[in-house]
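Chain identifiers are assigned alphabetically (A, B, ...) following the order of the sequence lines, protein sequences preceding nucleic acid strands; residue numbering begins at 1 within each chain. Everything quoted here is computed from the prediction, not taken from an experiment.
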Amino acid sequence: MPAEVRQEQSPSNQTSLAMMQEPQEIVEETVTIEEDPGTPTSHVSVVTSDDGTTRRTETKVTKVVKTVTRRTYHPVVVSETLVGSKPATPTPGDSDSVTKMVKTVTTRTVRQVPLGPDGVPFPEGSSPLGSYTNSIDRRFMKNGERFSTPQATSTLTRSYNNYSDSYGETPEGPYRHYGLHDGYGDLPDSYGSLSRGVNYRPRYPYMASSGYRPENSYTLPIRKDDYSHVAQPQVPLGGTVDLNRSQPERFQAEPYGLEDDRRSLGPDDDEPYDLESDYSTANRRTVGGANHGRHMREPPRVRGGYEDPIEADLIDDRHPYMPNLYSAPLAQAELGSLASLDRMGPMGGRRSPSADSVRKDPRWRDPDLPEVIAMLGHPVDPVKSNAAAYLQHLCYENDKVKKEVRHLKGVPLLVGLLDHPRPEVHRKACGALRNISYGRDHDNKVAIKNCDGIPALIRLLRKTSDMEVRELVTGTLWNLSSYEPLKMVIINHGLQTLTNEVIIPHSGWEQEPNEDSKPRDAEWTTVFKNTSGCLRNVSSDGAEARRRLRECEGLVDALLHALQSAVGKKDMDNKSVENCVCIMRNLSYHVHKEVPGAEKFQEPSTNQAPGSVGPQRKKKDDAGCFGGKKTKEEWFNQGRKNGESEKSYDTLDLPKRTEPTKGFELLYQPEVVRLYLSLLTESQNYNTLEAAAGALQNLSAGQWTWSNYIRATVRKEKGLPILVELLRSDSDKVVRAVAIALRNLSMDRRNKDLIGSYAMRDLVSNLPSGQQRPAKNLEEDTVVAVLNTIHEIVTDSSENARSLIQAQAIEKLVAINRTSQSQRETKAASYVLQAVWSHKELRNSLAKDGWNKTHFQPTATSQAKGTRSNKPAYDDTTLPLMEKNQDGYSTIDQKDKDCKYKSGDVSSDLAEREPLKNDTNRKQFVRTNRPAVNLVDTCDVKPQPVDSWV
Amino acid sequence: MSFIPGQPVTAVVQRIEICKLRQCDNLILGFSIGGGIDQDPGQNPFSEDKTDKGIYVTRVSKGGPAEAAGLMIGDKIMQVNGWDMTMVTHDQARKRLTKKNEDVVRLLVTRKSLEDAVRNAMV
C-alpha cells in the first residue's frame, strides 16, 4: 500500500541530517555576502547563527524536532532514547554528545517506519511522553538551580523564536496575528508532533547559559548604579535594568547574527527590503523580530495551543519556570528586552509591528543606538560583549543601522574590542563586525580598514584557537575581501597568517611529510571555506596580488593537496573546493608572463609543438569514433599509433627535475592536468567546472614550454573528450570556459586536428541559429568564444573546415553574420566565414550547397579594417577577460557586481589597472558582469519558472 | 499541504521507484520538474500554497518510466533517494534526480488526493 503517513524528513534521517549541513554552508556563504548572493535557503539563517554555540544548538534543535516528531508514532522508543540521553546533556555546552544522541534517536525511529497512518495521539503515547516530560523538567530544574532564572527562561524562549513559526499557532488572542500556519490544521498530528519538539528545547538553554554565566553574575549586581556613570543620560532607571538584563535578548540576536539572507530575497538589487515581504522567506524575519519578543514574554503560549493533552501536562510542569509566573522583576526584565527589540524596529525600518501590541509596558525602553555604542566602552566586560552582540543583532541585514553605527563611530570601538582578552568580548565584537562588513555598502568595510581592523582581525586569528572566533574572523575577512581596494591590504597583513593558520593545517598538507603516516585529507571546515573564499577574492586583484599569492610559502602546495584530497574522496561539489579551484585558476593566469624566470621558457612564436606535425592524414581514419563508447581509448590509442615522434617529444622535452617542485611551480606542472580533468569529470558544481576549465585554459595559453607540455598532457590524459562533453553543459560559463580552453589547446596542431574532427558538432550546436536562440540561450560572450574557437580550428586546416561544413554550420554562421543583434557575434561569425572561404578547395562543395562568395565576405558593418590582423593574438585568450570581477574569479556576487562595478568608478579603475587585456577582451570582460541567463546555480530568482526534464 | 520551508511537516507520501531509461548516452526518468527555492513559487500552478518552493512534477512523458511508476503531474517531490527536496534549488533537485551513477531513483511524493484519502479514512 503505497500511501503512508510520514514525516517529511523521516525515511532516511541520516541523510536528511546530512542535508541539514547544507543549508548551513549556504548560509555561511551568504555571510560572505557579496560572494554568493544566490542561495536562497531561507530558514537556514535561523539555523545558523553567529555564535557558534547557538548555531550548534540550533541545528541540534532542528534535528531534535524532527526526531521528536516521529514520536507521535512511536512514543515509547523515542522517549526512551531521550531519557537515556540525559546523562549526556549535563555537560554544559557539550553539543557534540547531544547531537550524537539525537542521531541515535533518529536511527531508531527510522527502523520503525512502517507505521499506520494516524496522526491522532495514541493514548499509550501519553505515558512515555510523560516520562519524557519529566526528564526535561528535571534538567530544566537544574538550570533553574544553577543559573539565574531569567536566563533560563530567556534562553528557552529564544529557541521558541526560531521555530515558533512552524508550530501551530494557538488561538490565543494576542498572538493570533502571527497565523502563518493555516495549513497545519489539516493534519492533526502535525500539531502534536511538532509541539513535542518544543519540549525538547530546554536542552538548549542549558548549553547556552553555561557560556554566559559569568556575565550574568556581573549583570545582576550592576543594576542602575553601575550604569549611571556611563554616559547614558536619557536612560531611565528602568532602562538600565533592562539593559543589564537584556542578555536573553542577546541570545535572540544571534540567530540574526549571520548576516545575509540577501540571497533568499532574490532580485534584491534595487530595493532589497521592499521586496522582502513578497517572499516567503520574509516570514523568517517577522518571526525573528516579532516572535522573539512574543515568546520571550510568554513561552508557555506555545504549548497552550497543542491539542495533545500531554502537552497540557507539560505546561503545567513547566510553569514554575516560566517568566510570567515569576516575580515581577524577572518578568520585567524580559519585557524590557522585548521592548528593546521592538523599539529598535522603527529605526531598523522593518521589525514587525505586530509585536507592539504585545508590549505595552511603558517602563522599559531599549537603548538607542548611541547608547549601545557607548556601552561598548563600558568598564564591565559583559556589558561590552552584550552591547556588541546586540549591535550584531541590530545590524543584521539592516544597512541603515550599519551606516549609523559607522557614523556614530562604533566601528573603531568594535575593532578595539577585538584585542580584548576576554573571549566573549572579542567574539561578540567580531560577530558584530562580521555583520557590519557584510553588504554592498563598502563604506563599512573601509571604516573597518581605516581603524586598522584588518591587522586586528589577523592578530585575533593568530591568537585564538576558538573555532567559533576563527570562523567569525575569517568570515569577516571574506566579507572585506569582496571590496577591491581592500584586497591588497588583506594580502599585506594577512596572507601568510591565513595560509599558515588555516589553509595549510586544514588542507592536510605537510611540508615534510612523515614517511610513515598516511597523507592527511583536507577538512572542509567553515574556517577553511571562509579563508579560501577570502583568498579567492583577493587573488583576483591583478598581477601583484597573484605574485604575492604564488610566492606565499606553502599556499599553492596546500591548495593542491586539498584539491587532490577532494578528488580522492570524491567530494568535489562543496564551496571550499570551488574556492580552491578558483584560486588556482586565478594564480594560473598569465603564469607564462609573470612567474620568475618565465623568459627562459619562452618559445619562438611559431608554436607548432614538435611532433604534432602532419598527423592530418591519420586523423581521418579515426573520424567518427568520437562520441562512441570507445572515444577516449581511441583518442589515446591514436596518440600511440602515430606516436613515434610523439613519444620522443614527451620524453625529450620534459625538463629533468633535480628536486621536487614546490610552490608556484606546481601551478603549471603537467601533473596538475590530471587533477583538473578529474574535477571536470566528477564535479557537479558549475563554478568548480568553470574554474577547472579556466585553469586549463590559462595554462594552455601562451608560448612557453610549459604550455606546450600542458597542451600535450591534456591530450594524453584523454582530456579532450572530457572538455568536449562539457560543451553540452547547461551552464553558460562552463561552455564559455571550455570553448576558450579548447581554443588554446588547439594551438597544438594535433589537438587542433582532434578537436576539429570530434568537437565540431558540439561547438556548432552551441551556436544560435540566426535570431532564434537555441534552448540553451547562451550569452553573447559564450557565442563569441565558441565562434573564436571555431575560427581557430578551421584556420589553416581545410580538414577541419570540411567538418565545419558537414556540421551544417555555414547556415548558422551566415545567419549570425546577417542578422545577429550583436556586433561582436557578427564580427566573429564573419571571421569564421572568411576563414572557411579561404580554403579554396572547399569552394566547389560550398557552391554546390548553394553558397556563394557574398555569403563569406564581411558585411559592411563588420568590415572594420585591421580587425583581421589583431585576430591572431592568441596569447590573450588566456582568460584575460575573467581577470577581475568576472564571476568565476572572485566570489563576488554577480548581482552585486552589476551595480558595483558597472556604474561606479570602481569598474573603470579596475579596468585600468589591468593592462594586459587587449581591447576586445576588455569589452568581453565588462559584459560578463551580466548575470548569466540560464545559470541555475546562481540562484537568481528567475522571472520564468524553470522546468527541466529529468 | 502548507508548510514553512525547512520546517518539519507532516505529509502523506507515496513511495515511487523509477528505473531510469537509457536513451543513447542519457539516463532519463521521463518527467520534468519545476520549483525550487530559487524559483518564484507564485508561478507554480500545482501548489496550493503559493509560497511553497518545493519541487513539483510539471510534466510526465507518455509511456516513460515515471508514468509507469505512477508519478503524476502535480506531485510534490519530498525526497529523492532519501535526500530532502523541500528546500533545494531547482538545480540541486535536477542533479539529485539525474545522477549518472544511479539507475533507480526512489521518490517520496505527496499529492492532494493522497492527503484527502487519508483524511477521509481517519474521519
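- Side-chain contact between B:Asp91 and A:Tyr686 is present, with at least one heavy-atom pair separated by less than 4.5 Å.
- No side-chain heavy atom of A:Trp949 sits less than 4.5 Å from a side-chain heavy atom of B:Ile28.
- Only the side chain of B:Leu97 comes within less than 4.5 Å of a heavy atom in chain A; its backbone stays farther off.
- Comment: B:Arg94 engages A:Asp730 in a salt bridge, judged by a side-chain N to carboxylate O separation of less than 4.0 angstrom.
- Atom OG of residue A:Ser948 and atom NZ of residue B:Lys95 lie 11.5 Å apart, to the nearest 0.5 angstrom.
- Nearest heavy-atom pair, B:Ser32 versus A:Asp947, reported as atom, atom and distance to 0.1 Å: OG-OD1, 2.9 Å.
- For the atom pair B:Arg96 CZ and A:Gln684 CD, the distance stands at 8.0 Å (nearest 0.5 Å).
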